[in-house]
Protein chains: 2
Amino acid sequence: MFKVDSYLTAKELLEWNISLHLQLETRSVHEHEVFLEAGQSCPYFYYVLKGLLRVYYYDLNGHEMTHWFSAEDTMITSPFSFFKNEPNILYFEALEDTELILITREQFNKIASKFKSTDERLRNLYADFAMVLSRRIMSVHTEPAEERYLKLMEEHPYLFQKAQLTHIASYLGITPQSLSRIRKNLMG
Amino acid sequence: MFKVDSYLTAKELLEWNISLHLQLETRSVHEHEVFLEAGQSCPYFYYVLKGLLRVYYYDLNGHEMTHWFSAEDTMITSPFSFFKNEPNILYFEALEDTELILITREQFNKIASKFKSTDERLRNLYADFAMVLSRRIMSVHTEPAEERYLKLMEEHPYLFQKAQLTHIASYLGITPQSLSRIRKNLMG
DNA sequence: TAGTGTTTTTATCCTAGGTTAATAGAGATC
DNA sequence: GATCTCTATTAACCTAGGATAAAAACACTA
């Protein structure tokens, strides 16, 4: 998920790790490693300390579709699995060497309690999720692929350094061939 | 937003209204009334006691796009405005005579505290939002309009009694003409 | 009943993007 | 250097759905 104001920061997490005795674990994932697969339960909320993740799934035709990217200092999980007991349908892949903080449901709840006593940041976090998701639905309903591509390039240029164009294409909901055609038109 | 398991129930709300001294207000909205417009701040989380709401916005070409429907016993708000201070871009319209419970941010927080002490339903509520939104993005990326139409009809048949086909079309991200063509093909 | 506005359908034409298949480049590995 | 693999591009053709315009079907009102 892309960066939003209400994300926890690594600094906060590490402070709370001490003050709340969370005993958070970290994990190193190397480039191209798929560290979570569909069918496996997703026991963690992940904080990306460093690196870049891609989250994808397979559609009914067996095509790999990129659902999200998750960059440095953002958080991500499989809501299907982490919060609910529904089977996870998402694959999590590192697009470069990545450092993760793993947050279990129990640790997440402790943090949530902490929030409760201080402010509404957790709620804002969820609201941000909803807004980002809403905007993406609006975007795919109202903007042609070329426009979505240009916006992505403008707002998240770092993606283009690590993610390949097939990933970008499926994130935009088009084929690599179409993306290629769009890029060619933009060159002209 | 469509019904999810974790929604509050009217019964709970009314109980808490008493036990937590919330002093919740209700509001009657008649068919076709637009009771929230873009630009206005949205001070409430709405619980639809009875009736059916449509939430829409205008895209860059000035076309009215249906973003959500909200049926009986579901909750809805403008996350842009209720949680954050971003300007609201959504219009809320009643598709039939509708009874709403209005929940202010303050009342919502009281309820949230109540949750905190008992269970994780609030968090589940947000998680459900995220799941529903995620699924809709996947759907629009991977399913042709005909399939999305059939699924909507199967999962939410009540919509077709009150919402007009132009609403359904823009919810599906297509024009009324295309929807009409799809319906004709399905008849054949 | 006619008259007016709204929703839905039909028809024609057009375009964005899909499908298939081939080509070209860029690392890797031998 | 030669070969293999993976990614990106190109081209030819096709199709879902958009744009425009008009007709038909309702629905409300007088």
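Chain A is the first sequence line, chain B the second, and so forth, proteins listed ahead of strands; every chain is numbered from 1. Computation of the quantities below employed the complete heavy-atom set of this structure, encompassing side-chain atoms and omitting hydrogens, waters and symmetry-equivalent molecules.
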Polar pairs (N or O, both sides) under 3.5 Å between protein and nucleotides 12-18 of chain C?
unit_1: C:dG17; atom_1: OP1; unit_2: A:A145; atom_2: N; d: 2.8
unit_1: C:dG18; atom_1: OP1; unit_2: A:G173; atom_2: O; d: 3.4
unit_1: C:dG18; atom_1: OP2; unit_2: A:T175; atom_2: N; d: 3.2
unit_1: C:dG18; atom_1: OP2; unit_2: A:T175; atom_2: OG1; d: 3.2
unit_1: C:dG18; atom_1: OP2; unit_2: A:S178; atom_2: OG; d: 2.5
unit_1: C:dG18; atom_1: N7; unit_2: A:R181; atom_2: NH2; d: 2.9
unit_1: C:dG18; atom_1: O6; unit_2: A:R181; atom_2: NH1; d: 2.8
unit_1: C:dG18; atom_1: O6; unit_2: A:R181; atom_2: NH2; d: 3.2

Is [X] salt-bridged to [Y], cutoff N-O under 4.0 Å?
| X | Y | answer |
| --- | --- | --- |
| A:E86 | B:R135 | yes |
| B:E96 | B:K50 | no |
| B:R27 | B:E33 | yes |

Strictly under 6.0 Å, is that where the ring centroids of B:Y56 and B:F92 end up?
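Ring centroids of B:Y56 and B:F92 are no less than 6.0 Å from each other.
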With a strict under 4.0 Å distance from non-hydrogen atoms of chain A, what nucleotide opens and what nucleotide closes the contacted stretch of DNA chain D, reading 5' to 3'?
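Taking any atom under 4.0 Å from a heavy atom of chain A, the span is D:dT7 to D:dA11.
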Exactly one candidate in B:R54, B:H167, B:E93 meets side-chain hydrogen bond (donor to acceptor under 3.5 Å, both in side chains) with B:T66; the answer is B:R54
Taking for each residue the nucleotide of DNA chain C with the nearest heavy atom, is it B:L165 or B:K184 whose nucleotide lies nearer the 5' end?
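Nearest-nucleotide comparison on DNA chain C picks B:L165.
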Does a sphere of radius 6.0 Å around CD in B:E31 hold more than 12 heavy atoms from other residues, nucleotides or ligands, not counting ones at 6.0 Å or beyond?
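Yes - once you tally the heavy atoms of other residues, nucleotides and ligands closer than 6.0 Å, there are more than 12.
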Contact class for B:T166 vs. all strands (heavy atom < 4.0 Å): base, sugar-phosphate, or nothing?
sugar-phosphate
Five-pair end axes of the helix from C:dT1-D:dA30 to C:dC30-D:dG1 and the angle they enclose, rounded to 10°
30°
When you measure from the side chain of A:S81 to the backbone N and O of A:C42, does any donor-acceptor pair fall under 3.5 Å?
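Confirmed, A:S81 side chain pairs with A:C42 backbone.
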Has the side chain of B:N88 got a donor or acceptor atom that lies under 3.5 Å from a matching backbone atom of B:L90?
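Yes: the side chain of B:N88 pairs with the backbone of B:L90.
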Test ring pair (Phe, Tyr, Trp, His ring centres under 6.0 Å), reference A:H67, set A:Y171, A:Y58, A:Y57, output is A:Y57
Roughly how many Å is it from CD in B:Q177 to P in C:dT8, rounded to a whole number?
11 Å
Does a donor on one side chain and an acceptor on the other come within less than 3.5 Å for A:E106 and A:T104?
no
